[in-house]
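In each ligand, atom 1 is the first atom listed, and ligand 1 is the first ligand listed. Side chains included, hydrogens not; waters and symmetry mates left out as well; all remaining heavy atoms used.
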Amino acid sequence: MIRGGNALHGEVEISGAKNAAVAIIPAALMVEGVCRIENIPQISDVSLLLKILEDMGAEIRVVNRNTVDIDCSKVQKTTASFELMRKIRASYYLIGAGLARFGHAEVAMPGGCNFGVRPIDQHIKGFQVLGGEVTVNGGMVYANAPEGLVGGTVYLDVVSVGATMNIMIAATLAKGKTTIENAAREPHIVDLANFLNSMGADIRGAGTSVIRVYGAKKLTGGFYSIIPDQIEAGTYMAAVAAAGGEVLIKNVIPKHLDCITSKLQEMGVTIVDLDEAVLIKRDKPLCRTNVKTMPYPGFPTDMQPQIAAALCLAGGTSIVTESVWDNRYKYVDELKKMGAMIQVDGKTAVIEGADVLTGAPVSCCDLRAGAALVIAGLCAQGETIVEQIHYIERGYEDLVSKLKSLGADIEYLKAPIDPEEKSTLRAIS
Ligand code: EPU
């Protein structure tokens, strides 16, 4: 429950990047030795993936709140519980990792947030170029490469984060050189490459549109610290833009935020880049702007609902264009219950700035939609009750206590998620 109207003031620490962590954990399956991973976010997607690895026979040791040791040396199983795997989209990285390490993988077709068709044809194309045979049957993906994978050149037809990462993972232990062309360039792609390189891989060019992977014989253990979450930081920036106030957002890489910073500046928000922090201040009315989502370094689709929530209170008419996903506006009907004036036509949303939003009972339909509803609640008059917050728990560590520490009037009315899923890193130990 949120009682809106408080401006945000103080400091907030950003956690490790979800979309890096959810690739690095499955990639640890290829490492024969202990990997110590630091700056892991305490979110339910991470708990699920650790459980999946544990189910496959990995030894997981929680060192402290955000550090975990993963040892997959003794893993022999090439699949895990169907029920666990199908809950999370990132379980598809176990296909690349299983093919690379064992020449075999059986993984449930990926679940995750529902915003239209989410095919994995580009992942499959990449595995096939490397010599993998892939079939999909009864909700499962079966991948085989009994003689091992062999490097090749993969041209991606669409710029896909997941396909880039999955092919990079698979190619890590393939024979010879793999080239991925038209690769995605998100910060978490560079982070996965850095993780794999620190374990003994030889991956070059991550962060550009051409990635070369020189197959290694084996990956051995090591230490790695995950980068800060670009989208979590952007969400707090959007929250300050919407609710007003002044907040120091710590543990960020300001360069990763440029695409978000420049839009918020157009809206009249003051942002100062510091070494590993950004200072954000909003003390005057917000102005309208247009936003089009694009692969990195464009404006991230994972920030589209949050900036749309802020634009609901900006003076004038804003146009938001979603160019990554077919259907990422399901949250709009919920914002309308709070008085937002938004018209959606296909991939475009036209937002007329309202004078006020009013609190209402609303329900999350996915992770970032949930964040947008919280942002709207922070600046709405009266009480907003946000339901289905297990979506938010998938990707935001301690959202409620972090916002509380900034002066927001927000509290849990009920336990955030069912007890089975509630287990965080601590419960794995
Ligand atoms: N696509 C294909 N074929 C494929 C793969 C993708 O046509 O084989 C299309 C998709 O349908 C989409 C576009 O390519 O239209 C981009 O999809 P991408 O593969 O980049 O998305 P993803 O890897 O499934 C990740 C994040 C999403 C984020 C997108 C885009 C993870 C686990 N998920 O998804 O994050 O929206 O990249 O940046 O890394 C979130 O964190 O809230 C979230 C949904």
- Item | Asp345, CG: over 12 other non-hydrogen atoms inside 6.0 angstrom | no
- Does Pro119 reach ligand 1, in the sense of a heavy atom lying below 4.0 Å from it? yes
- Query: Which option out of Asn19, Val22, Val158 puts a heavy atom nearest to atom 9 (C) of ligand 1?
  - Reply: Val158
- Task: Please could you name the atoms of ligand 1 that His123 approaches to less than 4.0 Å, counting only its heavy atoms?
- Result: 8 (O)
- Could a heavy atom of Arg328 be found less than 4.0 Å from some atom of ligand 1? yes
- Query: Using heavy atoms and a threshold below 4.0 Å, how should the contact between Gln122 and ligand 1 be classified: side chain, backbone, both, or neither?
  - Reply: both
- State which residue, out of Lys87, Arg89, Arg394, fulfils the side chain to side chain donor-acceptor pair (under 3.5 Å) condition with Asp45. Arg394
- Pull out every atom of ligand 1 sitting under 4.0 Å from any heavy atom of Thr301, numbered as shown with elements. 30 (C), 36 (O), 38 (O)
- Query: For the side chain of Glu322 and the backbone of Val324, is there at least one donor-acceptor N/O pair under 3.5 Å apart?
  - Reply: yes
- Task: Examine Val161 against ligand 1 and note whether any of their N/O atoms are separated by less than 3.5 Å.
- Result: yes
- Audit row: Gln304, Arg368, side chain to side chain contact (heavy atoms under 4.5 Å, CB included) steps and yes/no: CA-CA 8 Å; Gln304 181 258 98; Arg368 309 302 173 187; over 6 Å; no
- Have a look at ligand 1 and work out which part of Arg89, if any, has a heavy atom under 4.0 Å from it: side chain, backbone, both or neither. side chain
- Message: Just to be sure I read this right, does ligand 1 sit under 4.0 Å from the backbone of Lys125, its side chain, both, or neither, counting only heavy atoms?
- Response: neither
- Message: Using a 4.0 Å heavy-atom cut-off, which part of Tyr92 comes near ligand 1: side chain, backbone, both, or neither?
- Response: side chain
- Message: With rounding to the nearest 0.5 angstrom, report the CG to OH distance, Asp191 to Tyr224.
- Response: 3.5 Å
- Under 4.0 Å between heavy atoms, the region of Val324 that gets near ligand 1 turns out to be both
- Can you tell me how far the CZ atom of Arg36 sits from the OG atom of Ser225, to the nearest 0.5 Å? 12.0 Å
- Query: So which bit of Lys18 gets within less than 4.0 Å of ligand 1, heavy atoms only: side chain, backbone, both or neither?
  - Reply: side chain
- Message: Ring of Tyr214, cation from Arg204 - is the NZ or CZ under 6.0 Å from the centre and inside 45° of the axis?
- Response: yes
- N or O pair under 3.5 Å between Asp302 and ligand 1: yes
- Supply the atom-to-atom distance Leu311 CG to Lys263 NZ, rounded to the nearest 0.5 angstrom. 9.5 Å
- Considering distance alone, does some N or O of Gly162 sit under 3.5 Å from an N or O of ligand 1? yes
- The answer for which part of Leu367 has a heavy atom under 4.0 Å from ligand 1 is side chain
- Sort out for me which residue in Lys250, Lys18, Lys402 forms a salt bridge (Lys or Arg N to Asp or Glu O under 4.0 Å) with Glu232. Lys402
- Before signing off on this row, confirm whether Ser160 and ligand 1 have an N or O atom pair separated by under 3.5 Å. yes
- Message: Around atom NZ of Lys255, are there more than 12 heavy atoms from other residues, nucleotides or ligands closer than 6.0 Å?
- Response: no
